[in-house]
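Here the structure comes first, spelled out in C-alpha cells, and everything after it is commentary.
In each ligand, atom 1 is the first atom listed, and ligand 1 is the first ligand listed.
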Amino acid sequence: MRHLCGFAVGMVLTAVPASLNAQVVGDPQRGSVFAQQVCAGCHAVERGQPSSPNPQAPTFDAIAKTPGTTEMALYAFLRTSHHTMPNLILTKDDISNVVAYLLSLKDGR
Ligand code: HEC
C-alpha cells in the first residue's frame, strides 16, 4: 500500500509542473520595466518603435508578431544566452515577466 501511495504522489508531482507553468504567468508591467532597464540598450522594447538601437536586434514588436513566438520558445531562448548577449543572466521571475510583456505586445492589448 505504501508503495502504491508513493507512486501516486510521484505521478501527481510530475504532472503538476506542466499545468502550473501554464498558469503562473509573469507580470507584464514588471516585465516592461525590466525590459526598459536591461533589453532596451539593444532592442526597441516599446510597441510601435520602428527600429532597435542595435540594428542586429529585432524590435520586441517584431519578435512578438513572429508566428513562431510562443511562451515556450521565449522561455527556451531566454534560458540560454544568445551569443550576442553573453552576460545576460535572467532569473526565473525576470524571464516570466519579460515573456509576459512580450506576449502582451502580440495580443495587441
Ligand atoms: C547586447 C545587446 C542585446 C541585449 C542587451 C539584449 N538583446 Fe536580445 N538580441 C540581440 C541581438 C543582436 C539579437 C539577434 C541575434 C541573435 O538572436 O543572437 C537578439 C535576439 C533576441 C531574441 C530572439 C528574436 C528571434 O527572432 O528569435 C529575443 C527573444 C531577445 N533577443 C530577447 C531579449 C530580451 C528579453 C532582452 C533583455 C532581457 C534582450 N534580448 C537583451 C541583442 C541584445
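For ligand 1, the atoms sitting less than 4.0 Å from at least one non-hydrogen atom of Leu74 are 29 (C), numbered in the order shown with element in parentheses. Heavy-atom contacts of Pro58 reach the following atoms of ligand 1: 13 (C), 14 (C), 19 (C), 20 (C), 24 (C) (cutoff under 4.0 Å). Of all the atoms in ligand 1, the ones that sit under 4.0 Å from a non-hydrogen atom of Phe34 are 38 (C). Atoms of ligand 1 found under 4.0 Å from any heavy atom of Ile63 (numbered from 1 in listed order, with element): 22 (C), 24 (C), 28 (C), 29 (C).
Within the model, atoms CG of Leu90 and OH of Tyr75 stand 11.0 Å from one another, a figure rounded to the nearest 0.5 Å. For the atom pair OG (Ser32) and CZ (Arg30), the distance works out to 12.0 Å, reported to the nearest 0.5 Å.
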Tell me, with the steps shown, if Tyr101 and Leu105 meet side chain to side chain contact (heavy atoms under 4.5 Å, CB included).
CA-CA 7 Å; Tyr101 173 62; Leu105 298 177; 4.1 Å; yes
Set out, in order, the CA-CA distance, both residues' side-chain angles and the distance that settles side chain to side chain contact (heavy atoms under 4.5 Å, CB included) for Val38 and Val98, then state yes or no.
CA-CA 10 Å; Val38 182; Val98 90; over 6 Å; no
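Distances from ligand 1 to the non-hydrogen atoms of Leu78 include at least one value under 4.0 Å. Taking a 4.0 Å cut-off on heavy atoms, Gly41 fails to register as neighbouring ligand 1.
For the pair Cys39 and Phe60, the tightest heavy-atom approach, listed with the atom from each and the gap, is CB-CZ, 3.7 Å. Heavy-atom minimum distance, His43 versus Pro53: C-CD, 3.6 Å.
Within the coordination shell of atom 8 (Fe) of ligand 1, defined by N, O or S atoms under 2.8 Å, Cys42 is absent.
Among the atoms of Gln56, none of the N or O lies under 3.5 angstrom from an N or O of ligand 1.
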